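Below: the structure, in structure tokens.
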Amino acid sequence: MLARPGLPDFEYLKAESPQEVFALLKERSPDIKLLMGGTDLFIQMRDQDSGPSTLMDIKGIPGMREIEFDKKKGLTLGAAVTLNQLSAEGDIQEHYPVLCQSADTVGNYQLRNRATLGGNICNASPSADMAPSLLIYEAVLILISPQGERTLPVGEFWVGPGKTALKGDEYLKAIHFPLLPRGAAGQYLKLGRTKKGDLAVVGVGLLGYPDQGAPAGIKFRIGINSTAPTPYRVPKVEVELAENPITEQSLQKAAEDAMEFSSPIEDVRATALYQKKMVRNLTLKGLKEIWASLQ
Ligand SMILES: Cc1cc2nc3c(=O)[nH]c(=O)nc-3n(C[C@H](O)[C@H](O)[C@H](O)COP(=O)(O)OP(=O)(O)OC[C@H]3O[C@@H](n4cnc5c(N)ncnc54)[C@H](O)[C@@H]3O)c2cc1C
């Protein structure tokens with residue numbers, strides 16, 4: 001694939017309403033792409049010999065940039081909320097800090113002014129930095145089509161590298177985050193080739209919270225990117241952690257088990273073996289830190 005000096009020609013259209021999107025998708029599919037910040041899409045178009053003849057910008061549809069937090073219902077973000085926008089929002093910093101932490105690791109500040117949360121989700125990259133936080137916060141995607149709205153847990157949305165469960169006449173409207181269990185603490189640990197600005201070689205998001213119903217007294221959620229065809233949780237590891245007393249050894253075992261669930265491929269960024277070991281190391285680091293903070 002050759003990088004070209006510019007983009008192929010395309011027609012730019014800006015949608016004011018969902019109905020305009022549906023009508024144009026019906027008329028021009030598959031030769032049309034929805035556009036948000038363009039930070040993934042333009043790179044792909046530049047690197048391919050041909051691109052879609054129409055780009056439909058959906059950022060301006062009412063509600064797409066809205067941030068709504070309700071202490072009883074949780075957080076809802078319009079799909080076109082940018083990574084800088086969400087990272088600067090007080091309610092998100094206070095109640096869903098791993099979203100801000102993750103957003104701040106994406107590219108650089110200028111990029112994050114354009115890059116949207118919805119674009120990061122819909123591009124369906126296995127290394128998407130927002131994915132682990134969406135998984136541990138159990139985000140629910142609100143998808144809209146001419147038939148109306150439907151919701152989908154984020155873990156069911158990615159079906160392969162660059163592939164999603166979106167139907168041809170559908171787009172991502174918003175992302176909902178339920179309220180977190182009381183006392184929850186979380187973090188996103190990202191390893192790139194450089195300290196900042198690079199894609200994740202491995203990224204691990206972790207959430208821990210007190211749960212008196214669990215023999216361990218704590219429950220953990222673990223979300224991992226970059227080491228399988230799609231970002232993923234490790235439910236067996238999470239259950240094992242909840243059902244046994246937490247010790248140094250049990251955390252070590254959980255990290256080893258998380259490593260076993262990973263299936264990275266060798267690429268320009270790292271060998272598969274290195275990625276596997278880093279899944280273990282980051283998972284262990286995160287588990288230990290969260291466990292210590294919950295004591
Ligand atoms: C220099 C550089 C550095 C980067 N660094 C990182 C990084 O560190 N971590 C990381 O995770 N990513 C990184 N990226 C990738 C990219 O910036 C992010 O994935 C970004 O969040 C994509 O959002 P966007 O709004 O630009 O999406 P766009 O490029 O506009 O869209 C991406 C794809 O999703 C589809 N789409 C967008 N919105 C919707 C919707 N609402 N409904 C249906 N389909 C939709 C589009 O049609 C397109 O196929 C980097 C990119 C660049 C160029």
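Keep in mind the model is a prediction, meaning the values are calculated, not measured. Each ligand, and each atom within it, is numbered from 1 in the order the structure gives. Heavy atoms only: backbone and side chains are in, while hydrogens, waters and symmetry mates are out.
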Heavy-atom nearest neighbour of atom 3 (C) of ligand 1 within options Leu34, Leu111, Asp40, Val81: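 Checking each option, the heavy atom nearest atom 3 (C) of ligand 1 is found in Leu111.
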Nearest option to atom 34 (O) of ligand 1, as decided by whichever heavy atom of Ala174, Gly197, Cys122 sits closest: Cys122
Ligand 1 contacted by [X] (non-hydrogen, < 4.0 Å):
X      : result
Thr105 : yes
Ile121 : no
Met45  : no

Part of Lys190 within contact of ligand 1 (heavy atoms, under 4.0 Å):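 Answer for Lys190: side chain.
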Ring center gap for Tyr137 and Tyr96 short of 6.0 angstrom: yes
Asp129 side-chain N/O to Ser102 backbone N/O, donor-acceptor pair under 3.5 Å: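 No, because the side chain of Asp129 does not come within donor-acceptor range (under 3.5 Å) of the backbone of Ser102.
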List every atom of ligand 1 that sits less than 4.0 Å from any heavy atom of [X], numbering the atoms from 1 in the order shown and giving each element.
X      : value
Ile58  : 40 (C), 41 (N)
Leu166 : 43 (C), 44 (N)
Thr116 : 21 (O), 23 (O), 24 (P), 25 (O)
Ala128 : 11 (O)
Gly37  : 24 (P), 25 (O), 26 (O), 30 (O)
Leu41  : 29 (O)

Under-4.0 Å salt bridge between [X] and [Y]:
X      : Y      : result
Lys253 : Glu248 : no
Glu170 : Arg150 : yes
Lys72  : Asp70  : no
Lys236 : Glu240 : no
Glu68  : Lys73  : no
Lys219 : Glu243 : no

Min N/O separation Gly38 to ligand 1 under 3.5 Å: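 Looking only at distances, the answer is yes, because the N/O contact criterion of under 3.5 Å is met.
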Identity and separation of the nearest protein heavy atom to atom 14 (N) of ligand 1: Leu199 CD2, 4.2 Å
